[in-house]
Enquirer: 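Have a look at this one before I ask anything.
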Amino acid sequence: MTSVLVIVCPAILAKSANHSACYNLIFPALSDPAAFDGPIDKRRSILALDEKIYELRRDKLKQIEALGQEAYPRKYDFTHIVPQILAHYSASAGEQLEASRVNVRVAGRIMAIRLMGKAGFAHLQQGGQKLQIYVKKDAVGEKDFELYKLLDLGDHIGVSGYLFRTRTGELSIHVEEITFLSKDLLPLPEKWHGLTDVELRYRQRYVDLAMNPEVREVFVKRSKLVQSLRRFLDSHDFIEVETPMMQQVAGGAAARPFTTHHNTLDVDLYLRIAPELYLKRLTVGGFDRVYEINRNFRNEGISTRHNPEFTMLEFYQAYADFRTAMDFTQKLIQQAAVDVNGTAKSKWGAHEIDWSNFHRMTMREAIIHYWPEGSGAKPELSDFATQDSVKNLVERFNKGHAHVAYDPKEPAGKTIASLFEAAAEEHLIQPTVIYEFPTAISPLSKQKADEPEWTERFEIYAGEMEISNGFSELNDPVEQRKRFEAQLSERERGDDEAHQMDEDYIRALSYGMPPAGGVGVGVDRLCMLLTDSHTIRDVILFPLLRPEKESEASPQEPES
RNA sequence: GGGCGCGUAGCUCAAUUGGCAGAGCAACUGACUCUUAAUCAGUAGGUUGUAGGUUCGAUUCCUACCGCGCUCACCA
């Protein structure tokens, strides 16, 4: 049995040549220490520099071991973390620190190091913050100073010593003992500009996070956001549940699913596109308030607003309708904004979004309100009533604005929704609730009592993005079957994103589902809005990218 | 999938009209016991994303491909 260490060499970072030689660079088996410690096979050493640095640092690691330090120790007992020290002692004057000595043991990654003969400085980074250490040969002794000289940017160390202020007044640790904790064998990006290449930032998020504190901050805020959503729902007596990610019918949304296969059962399964139908089954079972925060998977395009896997909050409240849900969602989002940023206002590019003030209008009102100047008279409510009048509206609209396609075979409601998106979406920067959606595009929503062509459904927009979607849940099994059947005919018409029939869901409704309001919230998009991130990849730690090419040697296959 | 743009040292970027591929940081050697983008002296590091083409000569012009970004379409 041989174990093999595969080195992904830094040339890959550089989009540079010779991927194959680099990618397949394999060091001798770990089980043979002599082989491992030996020089790299020169036949594979195309990129001499990177291997030179790697080798050099491995060599330093051996020298560090020779000083009596462990190469990869198991733990370090610390008394403080860097952010803690900065928070507690930033205001302490040098005299204070001298008068009552503060002893500390701290661990961190070296992000800057300056050697000056028999003394030196370094900056330790932990928790996204940096603290300077001062290492003097007289103070740490011969051996630890030798160790200090062997340290590289990126190494992890622990130091014990006491706090003081340097001549220039910077709070620092006067080190008395250094413990080596881990070696960085690959060179970090340049300290001044950091890592800016977006591809590398996504592919090697670990380097991005180590180098760019503002990136770290975004993901800290994301954590606060999710925490806030949970806290709010928990405090309103919702219980969190987990429903299947692998489903036999991918329902609850209009999207193409990913497919997979279970071998033992020999069944094809879909990765879920939404948890909706399962959560509503739970309301049938008597869980009156449920929510789930988890991943959905949609096999659609990738863009600044779309990642194939994304995080969605869905919640359902029995004995409530879409109006209750609207009010509740608004409060949920307002609370999240405050919890994340400490204020109800957030920067969004050149704009400032005010989460304390939600606008509200129906979809039809929005189309009328944002009707383009060049498209003539604003529509009347009656213009939305018939297939012909809607066709007329589209023709009028297209005179003054970008083209909206008209397909006489598609239901009028679907055309109206397209019209809404074309006319209004780009204006919806401040939080806006749009409600009353066409029944044709809302197969899971309850109709309005007085207008069966329209449903009790709303979406919340902000920053020109849809971030939430909710409605009075359709709980009439007979009507639900009809809606599914209408979707099936859409599917036959060629819409492969139309909903599928779900017999078990109909059966569940037949046992009696309480009236309920349900809502979905796009967590990634909300996070984008609250962190002024204009691409979804900046709020997803490891966004989906094309795989790195493994070998230049294999023939390039032309795109089919 | 369509359109536009980008790809040069580990990182951040230069390279005039097509004419010897460079700098800073990082790395290495040496000096330096309060520096902080430490400083000073020296050294090394490149198949300019890949493959072809035009040319006496290609980082530069052309074609295809690979990767990334922006954008349109679809979607949340």
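Values in this document were obtained by computation on a predicted structure and should not be read as measured data. A note on names: the letters A, B, ... follow the listed sequences, proteins ahead of strands, and every chain is numbered from 1.
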Enquirer: Please pick, from B/rC11, B/rG67, B/rC70, the nucleotide with the shortest atom-to-atom distance to any side-chain atom of A/Thr535.
Expert: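 The listed nucleotide nearest to A/Thr535's side chain is B/rC70.
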Enquirer: Report yes if a donor N or O on one partner sits less than 3.5 Å from an acceptor N or O on the other, where the partners are the side chain of A/Glu170 and the base of B/rU35; otherwise report no.
Expert: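 Under the 3.5 Å cut-off, the side chain and the base do not form any donor-acceptor pair.
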Enquirer: Identify whether the distance between the nearest side-chain nitrogen and carboxylate oxygen of A/Asp155 and A/Arg57 falls below 4.0 Å.
Expert: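 Salt bridge: no.
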Enquirer: Testing the 3.5 Å rule here: is there a donor-acceptor pair between the side chains of A/Glu314 and A/Tyr316?
Expert: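 A pair is found: one side chain offers a donor N or O, the other an acceptor, under 3.5 Å apart.
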Enquirer: For A/Tyr370, what residues pass the ring pair (Phe, Tyr, Trp, His ring centres under 6.0 Å) criterion, not counting sequence neighbours?
Expert: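 Expected list: A/His427.
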Enquirer: Just by distance, with hydrogens left out, do A/Arg222 and A/Thr311 show a side-chain donor and acceptor under 3.5 Å apart?
Expert: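 Yes, a side-chain donor-acceptor pair sits under 3.5 Å.
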Enquirer: Atom CD of A/Glu300 and atom P of B/rA73: how far apart are they, to the nearest Å?
Expert: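 Between P of B/rA73 and CD of A/Glu300: 15 Å.
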Enquirer: Can you see whether A/Ser442 engages A/Arg483 through a side-chain donor-acceptor pair at a distance of less than 3.5 angstrom?
Expert: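 No - no donor-acceptor pair under 3.5 Å links their side chains.
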Enquirer: Can you tell me which stems involve RNA chain B, if a stem is defined as three or more consecutive Watson-Crick or G-U wobble pairs, both distances under 3.5 Å?
Expert: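 If one scans RNA chain B for consecutive Watson-Crick or G-U pairs, the stems found are B:1-7 with B:66-72, B:10-13 with B:22-25, B:27-31 with B:39-43, B:49-53 with B:61-65.
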Enquirer: If you check every side-chain atom of A/Lys60, which of B/rA76, B/rU33, B/rC28 has the closest atom?
Expert: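 Nearest nucleotide to the side chain: B/rC28.
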Enquirer: Under 4.0 Å between a side-chain N/O of A/Arg305 and OP1 or OP2 of B/rA76, yes or no?
Expert: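 Checking B/rA76 against A/Arg305, no side-chain N or O comes under 4.0 Å of OP1 or OP2.
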Enquirer: Taking the side chain of A/Leu195 as its heavy atoms from C-beta onward, which of B/rU12, B/rA37, B/rC68 lies nearest to it?
Expert: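 Closest nucleotide among those given: B/rU12.
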Enquirer: In whole Å, I'd like the distance from the CG atom of A/Leu188 to the P atom of B/rA26.
Expert: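 Value for this atom pair: 12 Å.
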Enquirer: CG of A/Asp208 versus P of B/rU12: gap in Å, rounded?
Expert: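 One finds 11 Å between P of B/rU12 and CG of A/Asp208, rounded.
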Enquirer: Determine whether A/Tyr89 and A/Val102 make a side-chain contact, defined as any pair of heavy atoms from C-beta on separated by less than 4.5 Å.
Expert: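 Contact flag for A/Tyr89/A/Val102 side chains = yes.
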Enquirer: Closest to the A/Phe164 side chain: B/rA27, B/rC34, B/rC74?
Expert: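 Nearest nucleotide to the side chain: B/rC34.
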Enquirer: Quick one: which of B/rG10, B/rA76, B/rA27 gets closest to the side chain of A/Leu56?
Expert: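 For A/Leu56, the side-chain atoms sit closest to B/rA27.
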Enquirer: Report which part of the nucleic acid A/Asp138 touches: base, sugar-phosphate, or nothing (heavy-atom distance under 4.0 Å, all strands).
Expert: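 The answer is base, as A/Asp138 lies within the cut-off (heavy atoms under 4.0 Å) of a base atom.
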Enquirer: When the distance from CD1 of A/Ile53 to C1' of B/rA27 is rounded to whole Å, what number comes out?
Expert: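 After rounding, the reported distance stands at 5 Å.
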Enquirer: Any donor-acceptor pair under 3.5 Å linking the side-chain atoms of A/Glu473 with those of A/Ser445?
Expert: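 No, no side-chain donor-acceptor pair sits under 3.5 Å.
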Enquirer: Side chains of A/Glu459 and A/Tyr461: donor-acceptor distance under 3.5 Å anywhere?
Expert: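 A pair is found: one side chain offers a donor N or O, the other an acceptor, under 3.5 Å apart.
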Enquirer: Using the six-membered base ring of B/rA76, report whether A/Phe310 stacks on it, requiring centroids under 5.5 Å and planes under 30° apart.
Expert: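 A/Phe310 ring centre within cut-off of B/rA76 base, planes near parallel; stacks.
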Enquirer: Identify which nucleotide among B/rA27, B/rC74, B/rU35 has an atom closest to any side-chain atom of A/Arg57, counting heavy atoms from C-beta outward.
Expert: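 Nearest to the side chain of A/Arg57 among the choices is B/rA27.
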Enquirer: Can you measure A/Ile302 atom CD1 to B/rC72 atom P for me and round it to whole angstrom units?
Expert: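 Rounded to the whole Å, the gap is 17 Å.
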Enquirer: Rounding to the closest angstrom, what is the interatomic distance between B/rA41 and B/rC13 at atom C1'?
Expert: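 One C1' to the other, the span is 26 Å.
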Enquirer: When the nearest nucleotide of RNA chain B is assigned to A/Asn469 and to A/Tyr202 on a heavy-atom basis, which residue is associated with the more 5' position?
Expert: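 Per heavy-atom nearest nucleotide, the more 5' residue is A/Tyr202.
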Enquirer: Rounding to a whole Å, what distance do you find between A/Phe471:CZ and B/rA76:P?
Expert: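 Rounded to the whole Å, the gap is 11 Å.
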Enquirer: Where the side chain of A/Leu153 is concerned, which of B/rU35, B/rC70, B/rA26 is the nearest nucleotide?
Expert: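 Nearest listed nucleotide: B/rA26.
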Enquirer: Start with the C-alpha distance between A/Glu492 and A/Gln487, add both sets of side-chain angles, then the distance that settles side-chain contact (heavy atoms from CB on, under 4.5 Å), and finish with yes or no.
Expert: CA-CA 9 Å; A/Glu492 276 161 25; A/Gln487 288 290 310; over 6 Å; no
Enquirer: Looking only at the side chain of A/Thr166 (C-beta and beyond, no hydrogens), which of the listed nucleotides B/rU35, B/rC28, B/rC68 gets closest?
Expert: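 Within the option list, the nearest is B/rU35.
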Enquirer: Could you tell me whether the side chain of A/Thr196 has a donor or acceptor atom within less than 3.5 Å of a complementary atom in the base of B/rU12?
Expert: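 Absent.
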Enquirer: RNA chain B: A/His534 or A/Pro308, which has the more 5' nearest nucleotide?
Expert: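 Nearer the 5' end of the strand: A/His534.
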Enquirer: Just how far, in rounded Å, is P of B/rA31 from NZ of A/Lys118?
Expert: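 So the NZ-P distance, A/Lys118 to B/rA31, works out to 9 Å.
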Enquirer: Choosing from B/rC28, B/rG67, B/rU12, which nucleotide comes nearest the side chain of A/Glu199?
Expert: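 Nucleotide nearest to A/Glu199's side chain: B/rG67.
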Enquirer: Using a cut-off of less than 4.0 Å, is there contact between a side-chain N or O of A/Arg203 and OP1 or OP2 of B/rG67?
Expert: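 Checking A/Arg203 against B/rG67: no side-chain N or O falls below 4.0 Å of OP1 or OP2.
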Enquirer: May I ask you to check whether A/Tyr435 and A/Phe471 place their ring centres under 6.0 Å from each other?
Expert: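 Distance test on ring centres: not under 6.0 Å, no.
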Enquirer: Do we see a donor-acceptor contact under 3.5 Å between the side chains of A/His156 and A/Gln126?
Expert: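 Distance-only check fails for A/His156 and A/Gln126.
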Enquirer: Over how many whole Å does the gap from A/Arg201 atom CZ to B/rG7 atom P extend?
Expert: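 A/Arg201 atom CZ is separated from B/rG7 atom P by 19 Å.
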Enquirer: Under 4.0 Å: is that the gap between some side-chain N or O of A/Arg114 and OP1 or OP2 of B/rU39?
Expert: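 Negative; the distance criterion is not met.
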Enquirer: From C-beta outward on A/His193, which listed nucleotide comes closest to its side chain: B/rU12, B/rC68, B/rU35?
Expert: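 Of the options given, the side chain of A/His193 lies nearest B/rU12.
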Enquirer: Does any residue of residues 414-439 of chain A have a heavy atom under 4.0 Å from RNA chain B, and if so, which ones, in number order?
Expert: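 Going residue by residue through residues 414-439 of chain A, none turns out to have a heavy atom under 4.0 Å of RNA chain B.
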